[in-house]
Amino acid sequence: MKVILDSQKLNNEVKKIKSSKGTIGFVPTMGALHQGHLSLIKQAVKDNDKAVVSIFVNPAQFGPKEDLKKYPRFLKKDFALCRKAGVDLVFVPDTKSMYPEGYSTFVEVKELADKLCGACRPGHFRGVATIVAKLLNLVEPDVLYLGQKDAQQAIIIIRMIKDLNFPVKVKIMPTVREKDGLALSSRNIYLNREQRKIAPVLSEALSFAKLLIDNGQRDAVRIISQMKRLINRKKFAKIDYVSIVDLEKLENLKKINKKCLIALAVKIGKTRLIDNAIISYA
Ligand code: AMP
């Protein structure tokens, strides 16, 4: 496994792979890797001749009051996990090389980026779309691997790929969870013991919504208010949003009469967690 810090060197490696007609699977991450990331990475290794992972805590997707500085960084452990999983190249650029002085170009995916998490985190998806576009240009992958855990992010990136004609396929991998349902996230380590006990409330609320839908409830407003009631019973839990939206435009649905996304963000203490479920309407 090669660790590459420099985009020129990365490009040389990519050229070598391309000249031997090898396929590239790519997993962009912010590091502090866990089994969720690893499910994407293992799939990329399995499907392709070469697997590339990027580790970059992207300042452009953090708001001024967010956790950029204290975001967990465990590079040595991440490298060991990547090596064990069979990764070929790990790209670890520094901030200056990705955003040198005078950097001025950003990718905005209109409409989709203002909904759900975008409403609570202005500019977040502009930062995400920009870094993913840059990484796609550098890595030139055949397949990009993304997690269902960040459903809105995946929908926005798919839109950008289509709109900007990036020649890459996208594979979405299911959310990996702890035994009690909590979706794995690099931010889970911020939770203290008491908060960790409460954190599965996001997946509990999603399961509850599915149960209501299975039992015939189709009124989205009612489902949301019951989910909120369940969450608000927990100490430390503060809801950012609970929404039921269509999968194309992420617009709120009144009635569940087509495939939809139930998405929520809840602060447990100071830690903001997200989760979602796709409901295949039957
Ligand atoms: P991040 O390091 O948080 O930027 O995540 C990098 C990639 O891993 C994104 O495509 C995420 O959606 C994906 N990911 C993060 N957590 C999980 C999880 N629990 N299950 C599956 N994929 C995940």
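Order of appearance sets the numbers: ligands from 1, and atoms from 1 within every ligand.
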Counting from 1, what ligand 1 atoms have a heavy atom of [X] closer than 4.0 Å?
{"X": "Thr29", "answer": "2 (O), 6 (C)"}
{"X": "Met30", "answer": "1 (P), 2 (O), 4 (O)"}
{"X": "Leu184", "answer": "16 (N), 17 (C), 18 (C), 19 (N)"}
{"X": "Pro174", "answer": "20 (N), 21 (C)"}

*Is the count of non-hydrogen atoms from other residues, nucleotides or ligands lying under 6.0 Å from Lys77 atom NZ greater than 12?*
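Counting neighbours around NZ of Lys77, 12 or fewer heavy atoms of other residues, nucleotides or ligands fall under 6.0 Å, so no.
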
*Answer yes or no: are there more than 12 heavy-atom neighbours, outside Gln217 itself, under 6.0 Å from its atom CD?*
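Yes - once you tally the heavy atoms of other residues, nucleotides and ligands closer than 6.0 Å, there are more than 12.
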
*Per atom 6 (C) of ligand 1, closest listed option by heavy atom (Ala151, Ala183, Pro28, Ser185)*: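 Nearest heavy atom to atom 6 (C) of ligand 1 lies in Pro28.
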
*Is it true that Arg272 and Glu66 make a salt bridge, defined as a side-chain N closer than 4.0 Å to a carboxylate O?*
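Salt bridge: no.
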
Which one holds for [X] and ligand 1: side chain close, backbone close, both close, or neither close, with close meaning a heavy atom under 4.0 Å?
{"X": "His34", "answer": "side chain"}
{"X": "Ser186", "answer": "neither"}
{"X": "Leu40", "answer": "side chain"}

_Any donor-acceptor N or O pair under 3.5 Å, side chains Tyr71, Asn58_ =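 Judged by distance alone, the side chains do not pair up.
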
*Once you round to the nearest 0.5 Å, how far does OG of Ser243 lie from CG of Leu250?*
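One finds 9.5 Å between OG of Ser243 and CG of Leu250.
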
*How far apart are the C-alpha atoms of Glu13 and Lys16, what are their side-chain angles, what is the distance that settles it, and do they pass the salt bridge (charged side-chain N to carboxylate O under 4.0 Å, His left out) test?*
CA-CA 5 Å; Glu13 293 294 329; Lys16 269 195 240 165; 3.4 Å; yes

*Heavy-atom closest pair, residues Thr23 and Asp49*: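 For Thr23 versus Asp49, the nearest heavy atoms are N-OD2, 2.8 Å.
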
Shortest protein heavy-atom distance from [atom], along with the residue and atom involved:
{"atom": "atom 10 (O) of ligand 1", "value": "Gly147 N, 3.0 Å"}
{"atom": "atom 20 (N) of ligand 1", "value": "Val176 N, 2.9 Å"}
{"atom": "atom 12 (O) of ligand 1", "value": "Asp150 OD2, 2.6 Å"}
{"atom": "atom 5 (O) of ligand 1", "value": "His37 NE2, 3.5 Å"}

*Out of curiosity, does Ile198 fall in the hydrophobic cluster containing Tyr190 (side-chain heavy atoms, cut-off under 4.5 Å, transitive links)?*
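No, no single cluster joins them.
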
